[in-house]
Amino acid sequence: MNYLDELNERQKEAVLHEGSPLLILAGAGSGKTKTLTYKAAHLVHTGKASPEQILLVTFTNKAAQEMRNRVVKVTGQYLPSVGTFHSMSCRILRTHGREIGIEPEFVIYDAGDQEDLVKAISREMELDPKRYKPKSLVTAISQTKQEMVDAGTYSNLARGQFQEIVARVYLEYQKRMAKYKALDFDDLLSKAVSLLQANNETLKYYQDKFRYVFVDEYQDTNTAQYTFTKLIAKANRGLVVVGDASQSIYKWRGADYRNILKLRQDYSDLKEIRLERNYRSTQTILDAAHGVISNNRSHPILALWTEQNDGEKISLIEAYTAGDEARKVNEEIQKLKSSGVNFQEIAILYRTNAQSRAIEEMFIRSGIPYVLVGGTKFYERKEIKDVLAYLRVMLNPEDGVSYGRSEKNGKRRLADLLLNREKYMDGQHTASEILEYVLTSTKYLTKFDEDLDEDVARIENVKELAAVAQEFEDLHSFLENVALVQAEYYAGEKTKDNREAITLMTLHAAKGLEFRAVFMVGLEEGLFPHARSMADNEEMEEERRLMYVGITRAKERLYLSFARQRTVWGTEGNQQRSRFIDEIDPKLIESLNSSATYLPHPPSDFVRTKNTGIRIDALSEDTLDDFLSGEISVEELLSR
DNA sequence: TACTCACGCATTTTT
DNA sequence: TGCGTGAGTA
């Protein structure tokens with residue numbers, strides 16, 4: 001029983017609670033994973049549940065993996081039903097999908113496949129691609145599915161020209177998907193729900209099977225996920241959810257933190273426990289985070305506290321340009337490094353991917369190793385998608401999207417592939433053998449030039465895919481894994497040559513991670529909060545939650561920076577510092593700017609740069625940058 | 001079939 | 001401004 005001693009009072013209360021559904025409101029860094037896994041472990045340990053009776057759902061494979069490992073560590077037992085919403089739904093559909101007309105051989109379409117299909121449909125329907133962008137149509141269909149509105153129902157509800165077009169596309173889309181034996185990510189969830197709603201016996205089977213249902217990151221559930229959880233947990237009411245409304249940052253993907261509030265209506269005896277003791281950050285960082293998030297009005301806010309001391313103040317970096325910002329960040333990193341902070345303990349967080357460039361350039365110049373998180377994912381690379389398309393054609397030549405994609409790579413290649421297709425699809429061949437056949441019959445790799453670095457990398461990627469295929473018995477499980485398990489990033493990853501590296505990523509990607517020192521860059525109105533979020537209060541609150549998530553990633557040191565001038569989409573603009581900076585108590589902040597480079601705030605038109613009195617917004621960003629990096633002198637600057 | 005060029009578009013992206 | 005897409009051409 002000694003594992004209980006590792007928990008604080010609130011955590012222990014959560015672990016020991018029984019008899020009614022439980023909502024754990026867990027703040028950032030409050031040990032929610034520990035609490036959730038120990039609770040599962042406790043049920044197993046005390047014999048209240050067998051490992052098979054616990055369903056533990058997460059949003060990412062990484063979280064699932066971590067939960068699995070931690071339960072094994074505490075109990076020595078393996079929980080077979082720990083996984084993402086999508087993988088769990090997928091498993092259910094593979095076994096019981098037939099009951100609602102879904103054959104178990106379905107393949108999973110990702111966003112790119114969806115778009116290809118919508119494009120094809122839209123072409124056939126002769127829609128104006130400018131007026132009805134395939135992406136917008138996909139988004140509309142996706143949102144509709146998340147609300148579990150099927151194509152037929154939507155057609156009846158559609159009002160206005162756009163919705164009516166969406167309805168037509170949606171109907172055709174579903175028709176094709178059925179023909180191609182394909183499900184998209186939203187289908188996995190909504191069809192699983194349909195199945196449970198359609199067949200009472202199946203529902204009962206899962207309700208009996210899973211006496212306990214655990215859900216992580218509950219604030220990020222959409223309607224389909226909410227319903228899925230509710231259905232399965234209904235009979236036994238062994239529901240345990242963990243969430244924090246302040247960390248809900250995926251509204252644009254259908255996440256609705258209000259699902260937390262709904263629980264109170266769903267279960268009158270809902271037990272609510274707050275985990276507000278933070279084990280990650282200094283009190284200064286927590287106070288800053290609270291200062292920001294308390295400006296939000298629409299959701300509950302936790303008051304985090306720590307037994308740690310106040311720690312260092314938050315550093316504010318004011319820069320002239322994006323390049324100057326990168327330079328100043330670089331300087332601070334050098335200081336951190338010499339004070340004993342390792343590169344892998346440092347992260348640079350930004351709102352948009354485009355911001356990484358200036359930072360990267362700086363790091364390359366100063367020789368600082370870094371790892372960029374995000375960008376094109378492995379399975380989204382063209383060469384990988386091409387090979388996967390061939391594999392799907394092997395599985396099902398009726399798969400229109402994959403057939404179309406393969407055709408684009410040459411009709412000849414496709415014809416050669418189909419020649420011996422049946423021989424290889426006799427059920428006797430492994431995923432690896434079929435992949436081998438795909439590559440030899442289509443001679444796909446010959447389209448690459450071995451003298452081009454870029455092409456060599458592509459060939460390498462295909463080889464890597466082939467290596468992954470070896471881990472799977474049949475083609476189906478291989479393809480399923482490819483669709484549902486993206487290669488994930490782990491905090492403190494090293495560079496290719498195995499040097500410890502600084503992490504660069506978006507704020508969204510940083511959720512769930514922690515670093516000793518965090519730099520949040522580009523804190524400017526229009527960038528963060530993003531211009532697209534400024535008109536709408538709901539969206540502004542989401543931006544603020546993103547700021548909150550960013551701040552709470554930091555353990556010891558937090559740096560906030562902004563630039564006075566920044567080029568966005570080719571046009572230079574004068575920037576104003578983010579309102580979020582001003583939502584932090586100034587007593588918690590110290591400015592790192594020396595008086596020589598002091599920038600007046602709020603930004604005025606004039607600035608004293610080393611006493612030259614040059615009006616900076618009369619200079620181009622490049623000129624200013626050259627001056628600041630010492631490439632041109634004051635005299636040269638004045639002459640320009 | 002492969003390449004070129006003009007055009008449009010540009011927030012975040014767990015599965 | 002810089003990239004990806006898609007139509008058009010050799």
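Predicted model only: the values in this text are computed from it and were never measured. Heavy-atom basis, side chains included; hydrogens, waters and symmetry copies ignored.
Here the closest heavy-atom approach between residue A/F106 and residue A/R94 is recorded as O-NH1, 2.8 Å. Nearest approach of A/F562 to A/L523, heavy atoms of both residues: CB-O, 3.1 Å. Counting all heavy atoms, side chain and backbone alike, A/G550 lies closest to A/L507 at CA-CD2, 3.7 Å. Nearest heavy-atom pair across A/N296 and A/E541 is ND2-O, 3.1 Å. When all heavy atoms are compared, the tightest approach of A/A40 to A/V71 is CB-CG2, 4.3 Å. When all heavy atoms are compared, the tightest approach of A/M540 to A/M534 is CE-CA, 3.8 Å.
Closest to the A/R357 side chain, of the nucleotides B/dT13, C/dG2, B/dT15, is C/dG2. Distance from the side chain of A/T506 is smallest for B/dT13 among the nucleotides B/dT13, B/dT15, B/dT1.
Contact check of residues 523-535 of chain A against DNA chain B (heavy atom, cut-off under 4.0 Å) returns A/H530, A/R532. Contacts between residues 247-255 of chain A and DNA chain B, counted as heavy-atom distances below 4.0 Å, involve A/Y250, A/W252, A/R253. Within residues 536-553 of chain A, no residue is approached by DNA chain B to less than 4.0 Å at the level of any non-hydrogen atom. Near DNA chain B, defined here as any heavy-atom distance below 4.0 Å, there are no residues from residues 23-33 of chain A. Of the residues in residues 81-88 of chain A, those placing a heavy atom less than 4.0 Å from an atom of DNA chain B are A/T84, A/H86, in numerical order.
Annotation: ring-ring contact (aromatic ring centres under 6.0 Å, His included) contacts of A/Y350 (sequence neighbours excluded): none. The side-chain hydrogen bond (donor to acceptor under 3.5 Å, both in side chains) search around A/S561 returns A/E325, not counting sequence neighbours. A/F580 meets the ring-ring contact (aromatic ring centres under 6.0 Å, His included) test with A/F528; sequence neighbours excluded. By the side-chain hydrogen bond (donor to acceptor under 3.5 Å, both in side chains) test, A/D220 pairs with A/K511, sequence neighbours left out. Not counting sequence neighbours, A/T139 has no partner by the side-chain hydrogen bond (donor to acceptor under 3.5 Å, both in side chains) test.
The residues A/R579 and A/E583 are annotated as not salt-bridged, no charged nitrogen and carboxylate oxygen being separated by less than 4.0 angstrom. Using a cut-off of 4.0 Å between Lys/Arg side-chain N and Asp/Glu carboxylate O, A/R392 and A/D113 are scored as salt-bridged. Ion pairing between A/E380 and A/K385 fails under the 4.0 Å rule for side-chain N and carboxylate O. With respect to the salt-bridge test (charged N to carboxylate O, under 4.0 angstrom), the residues A/E525 and A/R577 do not qualify. Checked for salt-bridge contact, A/D399 and A/K181 miss the test: no charged N lies under 4.0 Å from a carboxylate O.
The P atoms of B/dT12 and C/dT5 are separated by 16 Å, rounded to the nearest whole Å.
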Any protein N or O atoms within reach of nucleotides 5-8 of chain B? Criterion: under 3.5 Å, listing atom names and distances.
none

Which atoms of nucleotides 6-10 of chain C (N or O only) lie under 3.5 Å from a protein N or O atom, and what are those distances?
{"unit_1": "C/dG6", "atom_1": "OP1", "unit_2": "A/K119", "atom_2": "NZ", "d": "3.1"}

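Judged purely by atom type and a 3.5 angstrom limit, A/D187 uses its side chain to pair as donor or acceptor with the backbone of A/D184. A donor-acceptor pair is defined here as one N or O able to donate and one able to accept, closer than 3.5 Å; such a pair exists between the side chain of A/T144 and the backbone of A/A140. A/E542 places a side-chain N or O within 3.5 Å of a backbone atom of A/K251 that can act as its donor or acceptor partner. A/E115 contributes no side-chain N or O that, together with a main-chain N or O of A/G112, makes up a donor-acceptor pair within less than 3.5 Å.
To the nearest angstrom, P of C/dG2 lies 10 Å from CD of A/E361. One can place CZ of A/R351 at 7 Å from P of B/dT12, the figure rounded to the nearest angstrom. The CD atom of A/Q146 sits 11 Å away from the C1' atom of B/dT15 (whole-angstrom rounding). For A/K145 and B/dT15, the NZ to P distance is 19 Å, given to the nearest whole Å. Distance A/L183 CG to B/dT15 P: 18 Å, rounded to the nearest Å. Distance, A/M520 CE to B/dT12 C1': 14 Å, rounded to whole Å. The distance between atom CD of A/Q143 and atom C1' of B/dT13, rounded to the nearest whole Å, is 14 Å. Rounding to whole angstrom units, CG of residue A/D386 and C1' of B/dT1 are separated by 15 Å.
With the nearest nucleotide of DNA chain B identified for both A/R412 and A/H508, A/R412 has the one nearer the 5' end. Of the two residues near DNA chain B, A/T352 and A/G410, the one whose nearest nucleotide lies more 5' is A/G410.
In this structure, A/H86 has its ring center at least 6.0 angstrom away from the ring center of A/F59.
For A/N353, no side-chain nitrogen or oxygen approaches OP1 or OP2 of B/dT11 to under 4.0 Å.
Atom NZ of A/K447 is surrounded by more than 12 heavy atoms from other residues, nucleotides or ligands within 6.0 Å.
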